[in-house]
Amino acid sequence: MSIRFENATKIFRDLAVVDRLNLEIEDGEMMVLLGPSGCGKTTTLRMLAGLEDISEGTIYIASRCVNGVPSRHRNVAMVFQNYALYPHMTAAQNIGYPLRIRGVKRDEMARQVSEVAETLEIGRLLDRRPRELSGGERQRVALARAVIRRPAAFLMDEPLSNLDARLRLQMRGELKRLQRGLRITTLYVTHDQAEAMTLAHRVAVMREGKLQQVGTPMELYQRPANMFVAGFVGSPAMNFIQGRMEGASFRLNGGLLSLTPDQLPAAASAETLVLGFRPECASLTSPQEDGALLGIVYVTEEMGNETFVFLKCEDALITVRAEAHFKAEIGDVLGVRVPPSSVRLFEARTGKALV
Amino acid sequence: MRELKGQYDSSFVTRYSSFLKYALLMLFAVFFLFPMYWLVLTSLKTQADQFSMPPVWWTKRLTLDYYRAIIFDSSFETLAFNSALACGGSALLSLVAGTMGAYSLSRFRLPFRLNHHLSLWILSTRMFPPIVSIVPLFLIMRALDLLDTRLALVLAYSVFNLPFVVWMMKGFFDELPRELEESALVDGDTHLGAFLRIVLPLVAPGIAATAIFCMIVSWNEFLFALILTQTDSALTLPVGIANQVTQYEIRWGVMSAAGVVAMTPMFIFALMVQRYLVRGLSFGAVKG
């Protein structure tokens, strides 16, 4: 079922934690709400679940306004960060709980529980209590409890953040397969941009209660709407260097960079500019090369398959991706070449993307 | 902690301090157990031994006369029944009301910091000694025509136990992660259903621990029972036993035997739920 937020607002003590949110999630889509802690993403999710009142605006589930509708009548399933498994019940009882409340017959319930347990590969754990399960197993039980009643939507609140790094990657893949297989509309909250990029059909980035940008992971990565999105999506983050226009070129402290013709009109309209480029778009050259920015090596990080070189370009610290065998010492002076076509320009004052 | 331990970790100090610890515990045990021993012994001694000087610390001349006397005395049974009813009734009433009140205080945000103020106000009713409230309580019960009834005791004990229940249970509810109920709500349950199916089973050890304290307090209560009751229709065991101190004699044997019998049910009950008592008082263990 589709979900629609229309000017949805949540006010805590005069502070708009969620500020006039407009967002539509299509049927079967996986939407990831991404943002730093305190940006209002969890509150948004809880408003949708019916655990928080909606101060202003409207939320629709399957074109039905759900303002004031209690959680139990919204037909959504939620997976909590700490899983919220019922400690006094076995895994099977936990998974069957939503059916039990709905008065499903005992044998029918047992059949459905074992069916869902098979899908999530927890068939042999059904007799155990939550405290006898590992983190990953608890996660699966929580997912099974959400899946069993085929809800209109899944709501997930950082479901992977309590797992260790390796398990998190594994569950991430399984979660994606599960969602794509069941095609149930999903709203997934996270502060981890890698999770957002890998899981989502579309990502909605939030900051201080306001929606910053909605788009596919690729759109967000390649055409961020502002400096916040540009800096939050992608790892390592996008590089920012401040400067101003000088004719058809961008004057940086370290050098001069010519822009492409379609960037010029927008660039000319702003007073001070911030130039942004991704670490993998730039390349390292000798410092003598024409049009290269000068940078002093701050530190290098060898990842095995690639090496990240951090350089001081005057007062900015920038990152450039180099090949695996690249060698440089701290304090070396290098040239950084940035192809003009890969550059994003932002207005310094508002942070808005130009072009 | 580790460094601290290391500092004192010479074997002499360790052994000396553990010896001291056990000696102290022994002293406590004797201090608390001796009156019990004396009570049981007195209930079994003959009257001559009860009054002999120096006291008889141990004797083989035992008698069951006093037990026979109270067991075949119908008034003792009535008192025991009154006690049980006042104790059980008030424990039930204060637990039901107190648990629900505590849950509300723990979970629902009231405006004007009422959660805080209400909690303190409830606690404040425990801050004055019971004797202060006995006169108004007596007048209220007289106005309601409840003097010398078991209901009066049930109500009085409940009121007195309620703050204790609310504060104990509030602690247990506060420990319980909120997400459990929220999960139940989203799973399709009502608030009451989530309370009954999820919350109550999880705080059951806490309820057991609280119930024991309530029952012990009500079972042993003396002052309210003395003032609010007069006849066998509502008199409880503690007052009944005290009445054995008469104008002409103090019936030590009967009093002791009655004391032993009165002590027994609470003793057995506490042993039975001891497991919950420990679990209830160290609640963190329940979390999954």
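So that the names make sense, note that chain A is the first sequence line, chain B the second, and so on, each numbered from 1.
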Check the side chains of B:Ser106 and B:Asp174 for a donor-acceptor pair under 3.5 angstrom, ignoring hydrogens and angles.
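Result is yes, a qualifying pair exists.
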In plain terms, say whether A:Glu158 and A:Lys41 are close enough for a salt bridge, that is, a side-chain N and a carboxylate O under 4.0 Å apart.
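Salt bridge between A:Glu158 and A:Lys41, a charged N being under 4.0 Å from a carboxylate O: yes.
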Electrostatic pair A:Glu137-A:Arg140, nearest N-O below 4.0 angstrom
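No.
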Atom group of B:Arg197 that falls short of 4.5 Å from chain A, counting heavy atoms
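Backbone plus side chain of B:Arg197, per the 4.5 Å heavy-atom cut-off to chain A.
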I'd like to know which of A:Arg129, A:Arg149, A:Arg74 tops the heavy-atom pair count under 4.5 Å against chain B.
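Max contact count across the listed options: A:Arg149.
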Of the listed residues (A:His73, A:Gln81, A:Arg100, A:Met89), which shares the most heavy-atom pairs with chain B below a 4.5 Å separation?
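It is A:Arg100.
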Is A:Leu51 in contact with chain B via its backbone, its side chain, both, or neither, using a 4.5 Å heavy-atom distance?
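For A:Leu51, the side chain is the part near chain B, not the backbone.
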Under 4.5 Å from any heavy atom of chain B - which part of A:Asp157
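Looking at A:Asp157, nothing touches chain B.
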Side chain of A:His201, backbone of A:Met30: donor and acceptor closer than 3.5 Å?
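At least one qualifying donor-acceptor pair exists.
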Can a donor-acceptor pair be found, under 3.5 Å and without considering hydrogens, that links the side chain of A:Asn94 to the backbone of A:Thr90?
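Yes, because the side chain of A:Asn94 sits within donor-acceptor range (under 3.5 Å) of the backbone of A:Thr90.
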